[in-house]
Colleague: 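One structure coming up, written as structure tokens, with questions to follow.
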Amino acid sequence: MSEIGVVLIVGLFVLLLLGVPIAFTLGLLTAVGIWMADYNPMILAQRLIAGSTITSLLAIPGFILVGDLMSAGGLSKRLVRVASVCFGHLTGGLSMSTVAAGTFFGAITGSAPATTAAVGSVMIDELEKRGYSRGYGAALSTSIGPLGQMIPPSIPMIIWGVLAEESISKLFLAGVVPGLIAAAGFCVVSYLYARRLGIAREKRPGVREILAAIREGIWALLAPVVILGGIYGSVFTPTEAAMVGALYSLVIGLFIYKDLQWKSLIPLFIKSMRTTTVIMFIIVVAYGFAWIIASEQIPSQVTQVLLSITSNPFLILLLLNIMLLVLGAVMDTVSAMVILSGVLTAVGTQVGLDPVQLGAMVVINFAVGMITPPLGYSLFVASTISGLSIEKVARNLWPFFLVLIGVVALTAYVPAVTLWLPGLLG
């Protein structure tokens, strides 16, 4: 590896270990790389501007706002109620209801922490009242967070589509089957847990109760239909879908459910803007870092090192997934994807991995990172909501973690899991 490559890679790990914020780390290393390579300093400014002008990234603030509006506007709690009347009477039904609500919410916002926050804030207390341990409820709420990144729309899928220049619509579809498999696995865990502890089933709801819940929650249930139906019906692009979803959530919260108040809009918009600013700042700076990494041909050098270890595609994929799981546990998803996109694309090409399958595999690995200590954002959210320590929540995570590891394996080694639906799109 070249001298510049060694400085950049070593510098990255050293600065992160010292606790330097990732955006400043990437910006500093990009400037050092440009100086060492004797490029014109103006290139740094040009790369940063280029990273901020990618139109597909406009979908990110839209979907962040959708999540905040749905939580504040009462859509999320109505989704929970619909899920509860549909599954509550089964063994482990309330736990399954939590999974179903997380699946619905994930199909609207595309964010793991938002999914955990919206569903967990309603369900952790309810699960505890019905005989589940609070640690289990917090772990379940943590685990459903990754569904928000697997099931479309997905913010990380948008980012990867931009980085790898792949169809965002196909990447969205690639996450559907893995997301549903994960949800089904969580339901199996719910059944086994409730059966082992002898948790009583809820009374089967009557037709009137079911219809009342659906009637009240119909506008929330229509949200994913509007967003995803518009995308795959070629009515609007993913970016336009984010804006339509935000407008839809705003109108429903203000005028239909009336849980959203005019006076609360400004603080809510500021909250969404802060979240967007953090993500976009990292993306812009990391875009410059990715450029200097690519200019120095570091991805191809890393690929050669990896292929020198083994030429067996099965083992290469195994090493790649282990690396992604470890990095997902210690790095921010956006930063990791931007930094590694060149390397991962090069390795994927060498082992004959379909680009859409590769994108889904990367996103799902980093989704698992959202529940993995020490930097699992969904884990932090669930810990805050439940009032339990991160350690106590993490101790209850293992059955859900095993389900997600199984999904990662299927994504990597069974192409049809990710490519069947995109294949239907053509």
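One is the number of the first residue; the rest follow in order along the sequence.
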Colleague: Does Glu126 form a salt bridge (charged side-chain N to carboxylate O under 4.0 Å, His left out) with Arg130? I'd like the steps, not just the answer.
Modeller: CA-CA 6 Å; Glu126 288 299 317; Arg130 310 295 172 83; 3.2 Å; yes
Colleague: Val363 and Met157: which non-hydrogen atoms are nearest, and at how many Å?
Modeller: CG2-SD, 3.8 Å
Colleague: Which pair of non-hydrogen atoms, one from Val356 and one from Leu171, has the smallest distance, and what is that distance?
Modeller: O-CD2, 3.8 Å
Colleague: For residues 385-394, which residue pairs qualify under salt bridge (Lys or Arg N to Asp or Glu O under 4.0 Å), counting only residues two or more places apart or in two chains?
Modeller: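 Pairs touching residues 385-394 that pass the test: none.
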Colleague: Is there a side-chain contact between Leu317 and Leu353 (heavy atoms, below 4.5 Å)?
Modeller: yes
Colleague: Got Phe24 and Leu15 here, is their nearest side-chain heavy-atom distance under 4.5 Å?
Modeller: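 SC-SC contact between Phe24 and Leu15 ruled out.
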Colleague: Can you measure from CD (Gln350) to CD1 (Ile316) and round to the nearest 0.5 angstrom?
Modeller: 8.0 Å
Colleague: Hey, are the side chains of Asp259 and Arg78 touching, using non-hydrogen atoms and a 4.5 Å cut-off?
Modeller: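 Yes, at least one pair of side-chain atoms sits under 4.5 Å.
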Colleague: When rounded to the nearest 0.5 angstrom, what distance separates CE in Met370 from OG1 in Thr116?
Modeller: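 Result: 9.5 Å between the selected atoms.
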Colleague: For the residue pair Met273 and Leu65, establish whether any side-chain heavy-atom pair is separated by less than 4.5 Å.
Modeller: no
Colleague: Quick one: side chains of residues 134-147, donor-acceptor pairs under 3.5 Å with protein atoms, not counting sequence neighbours, listed by atom name and distance.
Modeller:
residue, atom, partner, partner atom, Å
Arg134, NE, Ser386, O, 2.8
Arg134, NH1, Asp125, OD1, 2.9
Arg134, NH1, Glu128, OE1, 2.7
Arg134, NH2, Asp125, OD1, 3.0
Arg134, NH2, Ser386, O, 3.2
Tyr136, OH, Ser95, OG, 2.7
Ser141, OG, Gly137, O, 2.9
Thr142, OG1, Ala138, O, 2.8
Ser143, OG, Ala139, O, 2.8

Colleague: For Phe401 versus Thr372, what's the shortest heavy-atom pair and its separation?
Modeller: CE1-OG1, 3.7 Å
Colleague: List the residues meeting ring pair (Phe, Tyr, Trp, His ring centres under 6.0 Å) with Tyr413, not counting sequence neighbours, and say none if there are none.
Modeller: Phe314
Colleague: Using only atom types and a distance under 3.5 Å, with no angle test, would you say the side chain of Ser264 pairs donor to acceptor with the backbone of Leu260?
Modeller: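 Between the backbone of Leu260 and the side chain of Ser264 there is no qualifying donor-acceptor contact (under 3.5 Å).
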